[in-house]
Amino acid sequence: MLAAVRKQWMQIERQLRRERSSTLDATRILELTYEIPRMQSMVFTAKAPIDEPQADVLFATADDFLKWPPQCRTMYVTCAVELEVLYQITAWMAVHGLVVMYAP
C-alpha cells in the first residue's frame with residue numbers, strides 16, 4: 001500500500017507542476033509555488049515511528065500503534081480492527097483528530 005500511495009502522491013505533484021506551468025493566474029502560481037515543494041518534501045514510511053520520527057505519512061499495523069502511539073491528526077484505517085483496539089489507538093490522537101474508516 002505504501003508504494004501505491006506514494007505513486008499516487010507523485011502523480012498529483014506532477015499534475016500541480018503542469019497546472020503551475022500553464023496557468024496565468026498569479027495568485028494560483030504563488031499558491032502552487034509553495035505547495036509543490038511541500039509535497040516533494042513529504043516523507044512516507046512503513047517503519048516504526050521511533051525509527052522514522054519525522055515521517056509525514058506512516059503505514060503501520062494496529063499492533064505497531066499499540067506499541068508506539070500515533071502522533072497524528074488524521075488516521076486512515078484500511079483493515080478490520082476490533083473496536084477495543086481502535087479505541088486504545090485513537091485515545092492517543094489529538095483532541096479533534098479524525099479517523100477515516102475504509103475497513104468494514
Side-chain angles (χ1 to χ4, degrees):
M1 180 172 255
L2 171 63
V5 170
R6 180 75 178 133
K7 183 177 179 180
Q8 185 67 30
W9 189 259
M10 290 170 52
Q11 287 177 347
I12 294 168
E13 177 194 326
R14 282 191 296 275
Q15 288 174 348
L16 291 179
R17 279 191 269 140
R18 279 194 300 272
E19 180 184 343
R20 184 181 181 277
S21 67
S22 65
T23 188
L24 298 176
D25 181 2
T27 304
R28 185 65 179 151
I29 291 171
L30 184 61
E31 289 171 354
L32 294 172
T33 298
Y34 290 107
E35 188 65 22
I36 292 168
R38 187 185 72 79
M39 289 183 72
Q40 291 172 332
S41 69
M42 297 284 283
V43 176
F44 291 73
T45 187
K47 296 179 182 176
I50 199 159
D51 295 333
E52 191 78 48
Q54 299 303 321
D56 298 299
V57 179
L58 173 66
F59 291 83
T61 64
D63 290 336
D64 292 338
F65 280 140
L66 288 172
K67 293 176 190 169
W68 298 285
Q71 302 295 313
C72 59
R73 295 186 180 273
T74 306
M75 177 185 297
Y76 296 89
V77 180
T78 59
C79 62
V81 178
E82 294 178 21
L83 281 179
E84 181 180 317
V85 172
L86 186 61
Y87 291 143
Q88 290 173 343
I89 293 170
T90 57
W92 293 97
M93 291 178 63
V95 175
H96 299 290
L98 174 67
V99 178
V100 180
M101 301 293 294
Y102 283 110

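Throughout, residue positions are numbered sequentially from 1 according to the sequence presented. Because only heavy atoms are used, hydrogens play no part in the values below, and waters and symmetry mates are left out as well, while side chains stay in. Because the structure is predicted, anything quoted here is derived from the model rather than measured.
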Participant: Report yes if some heavy atom in the side chain of Met75 is under 4.5 Å from a heavy atom in the side chain of Val77; otherwise report no.
Facilitator: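 Yes, at least one pair of side-chain atoms sits under 4.5 Å.
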
Participant: If the condition is ring-ring contact (aromatic ring centres under 6.0 Å, His included), which residues does Trp9 pass it with, not counting sequence neighbours?
Facilitator: Phe44

Participant: Going by heavy atoms in the side chains, are Met39 and Met10 under 4.5 Å from each other?
Facilitator: no

Participant: What's the spacing between Met1 CE and Cys79 SG if we round to 0.5 Å?
Facilitator: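 Answer rounded to 0.5 Å: 9.0 Å.
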
Participant: Between atom OG1 of Thr90 and atom CG of Leu83, what is the distance when rounded to the nearest 0.5 Å?
Facilitator: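 Rounded to the nearest 0.5 Å, the OG1-CG separation comes to 9.5 Å.
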
Participant: Within a strict 4.5 Å, meaning less than it, do heavy atoms of the Tyr34 and Leu30 side chains meet?
Facilitator: yes

Participant: Distance check, rounded to the nearest 0.5 Å: Gln71 atom CD versus Leu58 atom CG?
Facilitator: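 Those atoms lie 11.0 Å apart.
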
Participant: Between atom OH of Tyr76 and atom CZ of Phe59, what is the distance when rounded to the nearest 0.5 Å?
Facilitator: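 With rounding to 0.5 Å, OH (Tyr76) is 10.5 Å from CZ (Phe59).
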
Participant: When rounded to the nearest 0.5 angstrom, what distance separates CZ in Arg73 from CE in Met93?
Facilitator: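 That separation rounds to 9.5 Å.
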
Participant: Using 0.5 Å steps for rounding, measure from the CG atom of Asp63 to the CD1 atom of Ile89.
Facilitator: 8.0 Å

Participant: Answer yes or no: is there an ion pair linking Arg20 with Glu35, defined by an N-O contact shorter than 4.0 Å?
Facilitator: no

Participant: For residues 47-57, dump all side-chain donor-acceptor pairs below 3.5 Å to protein atoms at least two apart in sequence or in another chain.
Facilitator:
from: Asp56; atom 1: OD2; to: Val43; atom 2: N; distance (Å): 2.9

Participant: Applying side chain to side chain donor-acceptor pair (under 3.5 Å) between Glu13 and each of Arg38, Gln8, Gln40, report the one that passes.
Facilitator: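 Going through Arg38, Gln8, Gln40 one by one, the side chain to side chain donor-acceptor pair (under 3.5 Å) with Glu13 is satisfied by Gln40 alone.
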
Participant: State plainly whether one hydrophobic cluster holds both Ile12 and Leu32, where clusters connect Ile, Leu, Val, Met, Phe, Trp and Tyr through side-chain heavy atoms under 4.5 angstrom apart.
Facilitator: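 Yes, because Ile12 and Leu32 connect within a single hydrophobic cluster, where side-chain heavy atoms sit under 4.5 Å apart.
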
Participant: For the residue pair Leu86 and Met101, establish whether any side-chain heavy-atom pair is separated by less than 4.5 Å.
Facilitator: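 Sidechains of Met101 and Leu86: in contact.
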
Participant: Please report the shortest heavy-atom distance between Thr23 and Asp25, naming the atom on each side.
Facilitator: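 Result for this residue pair: OG1-N, 3.2 Å.
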
Participant: Taking all non-hydrogen atoms of both residues into account, name the closest pair between Ile29 and Leu24 and its distance.
Facilitator: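 The answer is CD1-C, 4.5 Å.
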
Participant: More than 12 heavy atoms of other residues, nucleotides or ligands under 6.0 Å from CZ of Arg14: is that the case?
Facilitator: yes

Participant: Is there a path of hydrophobic side-chain contacts, each under 4.5 Å between heavy atoms of I/L/V/M/F/W/Y residues, joining Leu98 to Tyr102?
Facilitator: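 In one cluster with Tyr102: Leu98, yes.
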
Participant: More than 12 heavy atoms of other residues, nucleotides or ligands under 6.0 Å from CD of Gln11: is that the case?
Facilitator: yes

Participant: For Arg18, give me all partners under side-chain hydrogen bond (donor to acceptor under 3.5 Å, both in side chains), at least two apart in sequence or on another chain.
Facilitator: none

Participant: If two hydrophobic side chains count as joined below 4.5 Å and joins carry through other members, does Val99 share a cluster with Phe65?
Facilitator: yes

